[in-house]
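First up is the structure itself, then whatever we jot down about it.
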2 protein chains.
Amino acid sequence: MEYVEAKEKFISTWGSLGTLWGINKAMAQIQALLFISTKPLSMEEIMEELKISRGNTSMNLRQLIDWGIVTKVLVSGERKEFFTTEKDVQELARIITKERSRREIKPVIKVLEEVSSINDDGTEKTKELIKQTKALKELTDDLDTLMNKLVNQKQNWLTKSVLKLMK
Amino acid sequence: MEYVEAKEKFISTWGSLGTLWGINKAMAQIQALLFISTKPLSMEEIMEELKISRGNTSMNLRQLIDWGIVTKVLVSGERKEFFTTEKDVQELARIITKERSRREIKPVIKVLEEVSSINDDGTEKTKELIKQTKALKELTDDLDTLMNKLVNQKQNWLTKSVLKLMK
DNA sequence: ATAAACTTTCAATAATTATTGAAAGTTTAA
DNA sequence: TTAAACTTTCAATAATTATTGAAAGTTTAT
């Protein structure tokens, strides 16, 4: 396998992984492309490489910027905008974990709290609903806390944590 | 909020969460319904409660069984089949983590390995592709290992792990 | 062996989600 | 100011994914 094939394989794999995880294909592919690029790319270059429209590129770049994964960079002497992604995988994992927690996990915890704190009318089904949603709430909360803890230990948090847990 | 409202809120929240994570709505809702049910349910009852068709119920139950989250149970004196889901949240998390690792993470690691081990022709872009996909491969591998470690510590692994990491 | 009770399959259709492209909007240089 | 260079917006359309329902398949009781 040589460069072009490897590059395409990486971009398309990353794209379908995104789809599987509720991130849209174009968004994941743009990030993948920037991730292996040696320099910031313009919208034109991204469109060209991925064969997607200007509108699509613009919208998905905006989302990536919203997530804090991609940033605009100014290239001196150039009028148009250029984009790069965070290149450090640990930092990338940090950003994604935090954003997912904020956008997805926290709201679910809130609903689980509401549901699990309804009035106990003494019936079996109400007791079961309360018990199970409470258990789910606690698990979700613990996992969220764990992930945030992991991710907030700077430098090599992952390796350190793995080692810690292996003891 | 009383029982029926709370139940519906739980089921629909769980359903949309599923969608967000690449699991389809009906599948997530069936699991949610079984999760708070005090007894195994028949296909008829599931269809009725969630207002979905027989075909849809059948297909999604099969998928849940494939995942190992739902099991058929025989109710004596009854001809039709009944279904329950794993009721213990920690066990549920174990099953889901293992299956996601097997179905999603491992195949990605394989691709990243292939891509990162292409021949280094000395060009900057090849070096970058190798470097970045290797870093991603290592991160993914570490995360996968960590999750599997976490999940394989029986009893209260999560709480224990959180406490360990807080030190 | 037959028929009733039940489940699965799958082509057709509906619902959802992503993508395009051209018009409108913005910024910069002269 | 104006016009060229660029980006954003969004209605229309395409692509994908989920759902239905009826026919085919299976199991069990008699």
Side-chain angles (χ1 to χ4, degrees), chain A residues 11-34 40-67 70-85 103-104, chain B residues 11-34 40-67 70-85 103-104:
Chain A
I11 291 172
S12 82
T13 303
W14 215 237
S16 27
L17 187 73
T19 301
L20 203 58
W21 285 72
I23 288 147
N24 96 335
K25 204 178 81 180
M27 190 170 152
Q29 290 190 340
I30 293 171
Q31 200 277 325
L33 176 64
L34 292 173
L41 301 179
S42 67
M43 226 167 80
E44 216 67 47
E45 290 169 308
I46 295 170
M47 289 166 58
E48 157 76 13
E49 281 274 6
L50 302 178
K51 272 137 187 81
I52 57 179
S53 72
R54 187 174 298 283
N56 202 3
T57 308
S58 169
M59 287 173 113
N60 286 105
L61 274 171
R62 182 145 53 83
Q63 283 208 72
L64 285 164
I65 291 170
D66 268 7
W67 269 77
V70 163
T71 45
K72 285 187 186 176
V73 296
L74 294 173
V75 173
S76 57
E78 286 277 11
R79 172 113 165 235
K80 53 172 162 282
E81 297 173 320
F82 288 79
F83 304 88
T84 10
T85 191
R103 294 171 191 231
E104 299 165 23
Chain B
I11 292 173
S12 83
T13 303
W14 215 237
S16 27
L17 187 73
T19 302
L20 202 59
W21 285 71
I23 287 146
N24 95 336
K25 203 178 81 179
M27 191 171 152
Q29 290 191 339
I30 293 171
Q31 199 277 325
L33 176 64
L34 293 173
L41 301 179
S42 68
M43 226 167 81
E44 216 67 45
E45 290 170 307
I46 296 169
M47 289 166 59
E48 157 76 13
E49 280 273 7
L50 303 178
K51 272 139 187 78
I52 57 178
S53 72
R54 189 174 298 282
N56 200 3
T57 308
S58 169
M59 287 173 113
N60 286 106
L61 274 171
R62 181 145 53 83
Q63 282 209 73
L64 284 163
I65 291 169
D66 268 8
W67 268 78
V70 163
T71 44
K72 285 186 188 177
V73 297
L74 295 172
V75 172
S76 56
E78 287 275 14
R79 172 112 166 234
K80 52 172 163 284
E81 296 173 321
F82 287 78
F83 304 89
T84 11
T85 190
R103 295 171 192 231
E104 300 164 23

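FYI, side chains are in, hydrogens and waters are out, and symmetry mates aren't considered; it's all heavy atoms of this structure. Chain naming here is simple, since letters A, B, ... match the order of the sequence lines and numbering starts at 1 in each. It should be emphasised that the depicted structure is a prediction, and the values quoted were computed from it without experimental measurement.
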Expected list for residues 19-28 of chain A: side-chain donor-acceptor pairs under 3.5 angstrom, two or more places apart:
unit_1: A:T19; atom_1: OG1; unit_2: A:G15; atom_2: O; d: 3.2
unit_1: A:W21; atom_1: NE1; unit_2: B:E104; atom_2: OE1; d: 3.3
unit_1: A:N24; atom_1: OD1; unit_2: A:M27; atom_2: N; d: 3.1
unit_1: A:N24; atom_1: OD1; unit_2: A:N60; atom_2: ND2; d: 3.0

Applying side-chain hydrogen bond (donor to acceptor under 3.5 Å, both in side chains), can you list everything that pairs with A:T85, at least two apart in sequence or on another chain? A:Q31

What residues, two or more places apart in sequence or in another chain, satisfy side-chain contact (heavy atoms from CB on, under 4.5 Å) together with A:R103? A:D66, A:W67, A:E99

As an exercise, state the distance from CD1 of B:I11 to CG of B:L33, rounded to the nearest 0.5 Å. 4.5 Å

Hey, are the side chains of B:M47 and B:S53 touching, using non-hydrogen atoms and a 4.5 Å cut-off? no

Who pairs with B:S42 by side-chain hydrogen bond (donor to acceptor under 3.5 Å, both in side chains), at least two apart in sequence or on another chain? B:E45

Does A:E48 have any side-chain hydrogen bond (donor to acceptor under 3.5 Å, both in side chains) partners at least two apart in sequence or in another chain, and if so, which? none

Specify the separation, in whole Å, of atom NZ of B:K80 and atom P of C:dT8. 14 Å

Taking atom P of D:dT7 as reference, at what distance in whole Å does atom CG of A:L64 sit? 16 Å

Heavy-atom pair with the smallest gap, counting every atom of A:F83 and A:L34: O-CD2, 3.3 Å

I'd like to know whether CD1 of B:I65 has more than 12 heavy-atom contacts from other residues, nucleotides or ligands below 6.0 angstrom. yes

A correct 5'-to-3' footprint of nucleotides 15-20 of chain D, with B, S and - meaning base, sugar-phosphate only and no protein heavy atom under 4.0 Å, is --SSSB

Residues passing the salt bridge (charged side-chain N to carboxylate O under 4.0 Å, His left out) test with B:R54, sequence neighbours excluded, are B:E44

Residue pairs passing the salt bridge (Lys or Arg N to Asp or Glu O under 4.0 Å) test where at least one lies in residues 73-83 of chain A, sequence neighbours excluded: A:K72-A:E81

Shortest non-hydrogen pair, B:S12 vs B:Q29, comes out as CA-NE2, 4.0 Å

I'd like a table of atom pairs between the protein and nucleotides 26-30 of chain D - only N or O on both sides, under 3.5 Å - with the distance next to each one.
unit_1: D:dT27; atom_1: O2; unit_2: B:R79; atom_2: NH2; d: 2.9

Within residues 40-50 of chain B, find the residues that approach DNA chain D with a heavy atom at under 4.0 Å, and present them sorted by residue number. none

Hey, what do you get for CD1 (B:I30) to CG (B:L61), rounding to the nearest 0.5 Å? 4.5 Å

Mapping A:E78 and A:R62 onto DNA chain D by nearest heavy atom, which one lands closer to the 5' end? A:E78

Counting only Watson-Crick and G-U wobble pairs with both atom distances below 3.5 Å, the stems of 3 or more consecutive pairs that include DNA chain D are C:1-30 with D:1-30

Atom CG of B:D66 and atom C1' of C:dT8 are separated, to the nearest Å, by 14 Å

